[in-house]
There are 2 protein chains.
Amino acid sequence: MAKKIDRALVADTALRLLNEVGLEGLTLRAIAKELDVKAPALYWHFKDKKALLDEMATVMLRRMNADLGELPARWQDAIATAMRGLRAHLLRYRDGAKVYSGTHFTDMSYADPMERHLRTLTGDGFTPAGAARAWFTASSYTIGYVIEEQAMGPDPVKGGEGYDLAARAERLAAYPLAVAAGEEMFRDHDRGFEEGLAAVIAGIGVTLRGS
Amino acid sequence: MAKKIDRALVADTALRLLNEVGLEGLTLRAIAKELDVKAPALYWHFKDKKALLDEMATVMLRRMNADLGELPARWQDAIATAMRGLRAHLLRYRDGAKVYSGTHFTDMSYADPMERHLRTLTGDGFTPAGAARAWFTASSYTIGYVIEEQAMGPDPVKGGEGYDLAARAERLAAYPLAVAAGEEMFRDHDRGFEEGLAAVIAGIGVTLRGS
DNA sequence: CTTGACAACTTAACAACGTTAAGGAGACTC
DNA sequence: GAGTCTCCTTAACGTTGTTAAGTTGTCAAG
């Protein structure tokens, strides 16, 4: 009841609430109520709502890095593991990718894991610039993928009704490839992500390594 | 003064205004004022604000497809041209990528160009599913890239002061690769996009073609 | 002409939002 | 025991998306 409130607790509570109400429903008053506090109290800990969202993204990143453990030795596995972890953590929260993307982090906890990942790449034939480019390219793919994934609604293959593919097929009867593409894109996001990720990593090896 | 207002005019005006005020400043009252009309009038043409944003994204897509012309014959060039066009149109508007991503289109004008692009791929050794995966992978990369690009602010190489790289380098003195990565990522977005795109396309050729 | 209907707006108002100003309770210091 | 600092409350402001109800213009039917 009379718990001590600090930045970490606010951000954690906000992330929990995010899963229940989504980004639209994530108001300062709702977060405050969850903390048994009135809305203006949050302004003691954060200068405005954007600062709170930045902190939430930073907490997501910290948790992701905490899950990291030993890095794989092969650079392909290092990138693949990191991107799977990134996607998994973005998917843990409703609209997680939207919250994460385009915020900038409130501390430097990202630097150490990033340095280790980049060192794996440079130790394997990448120039520093090439490693950075590889990292940014894979991250862009992952974030873009998850944004679309979360915007599409629940994965139909996992039970939930995400999108009416039959109706879509009827509207697009004149465009058979577009129909097939829809069925490819709306089904089984896990497999789809892996296929795209494999392509991105393979391409990084071909065009970015050693340049 | 007494122009006829319809959905297309509203969406076009909103897109123009977007460049002046950004997504945060894009209120219904501001859009209405631009049209010499009061805010509730917009509800005659759109059921709510989200429907207007969907229409804006659709207009962006239509303009993109209008710029399309003859498709390149090689599948690599088809994807590269399409993704450069996508990025260029997302960049035409402030927060363009955020508006575009995660909205769903209000008509079927996307189907015909998509079908033609996919046909280029299937005519070049891709299965329908492989072509769809290739398309979605490249689009995810492009959208993710532009979201980060627009969130980072203006390209420092083009004059504007986007981000203080010197201060960043000082904070991260213990992490030399992360410093180098920052300089790679914050400079010259055009070249960075091309390098990542080349990697993605190369990887698509290796892992997705003929499967 | 008048009537009536429909389309395209206006005026007025609502609840909810982010945010600020001012103040109060409780603990810690000198 | 007075003063200061931290952390929160109460009250309020201006804006936002949105709804309800009424007004104007247009046009066809009788």
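Quick note on labels: first sequence line is chain A, next is B, and so on, each numbered from 1.
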N/O (side chain, B:His45) to phosphate O (OP1/OP2, C:dC9) under 4.0 Å: yes
Quick one: is B:Trp44 getting a side-chain N or O under 4.0 Å of the C:dC9 phosphate, OP1 or OP2? no
Interatomic spacing from OG1 in B:Thr103 to NZ in B:Lys98 - rounded to 0.5 Å: 14.5 Å
Check whether the ring centres of A:Tyr175 and B:Tyr110 lie less than 6.0 Å apart, and answer yes or no. no
For a quick check, with a 4.0 angstrom heavy-atom cut-off, what is the B/S/- contact string for nucleotides 20-28 of chain C, read 5' to 3'? B--------
For DNA chain C, find the residues of residues 12-32 of chain B with a heavy-atom distance under 4.0 Å and give them by number; none if there aren't any. B:Arg29
Do B:Asp12 and B:Arg7 meet the salt-bridge criterion of a basic N to acidic O distance under 4.0 Å? no
A:Lys49 side chain near C:dG18 phosphate (N/O to OP1/OP2, under 4.0 Å): yes
Heavy-atom count check: over 12 atoms from other residues, nucleotides or ligands less than 6.0 Å from A:Lys50 NZ? yes
Does a salt bridge link A:Asp67 with A:Arg63, judged by any charged N lying under 4.0 Å from a carboxylate O? no
Could you tell me whether B:Glu183 and B:Arg168 make a salt bridge, using a distance below 4.0 angstrom between a side-chain N and a carboxylate O? no
Quick one: B:Arg7 CZ to C:dA8 P, roughly how many Å, whole number? 13 Å
Rounded to the nearest Å, what distance is computed from the CZ atom of residue B:Phe46 to the P atom of nucleotide C:dA8? 13 Å
Could you tell me if the ring centre of B:Tyr145 sits under 6.0 Å from that of A:Tyr141? no
Going by atom types alone, do A:Glu55 and A:Thr106 pair a side-chain donor with an acceptor below 3.5 Å? yes
Could you tell me how far apart B:Leu42 (CG) and D:dT19 (P) are, to the nearest whole angstrom? 13 Å
Given atom NZ of A:Lys38 and atom C1' of D:dA11, what is their separation to the nearest angstrom? 12 Å
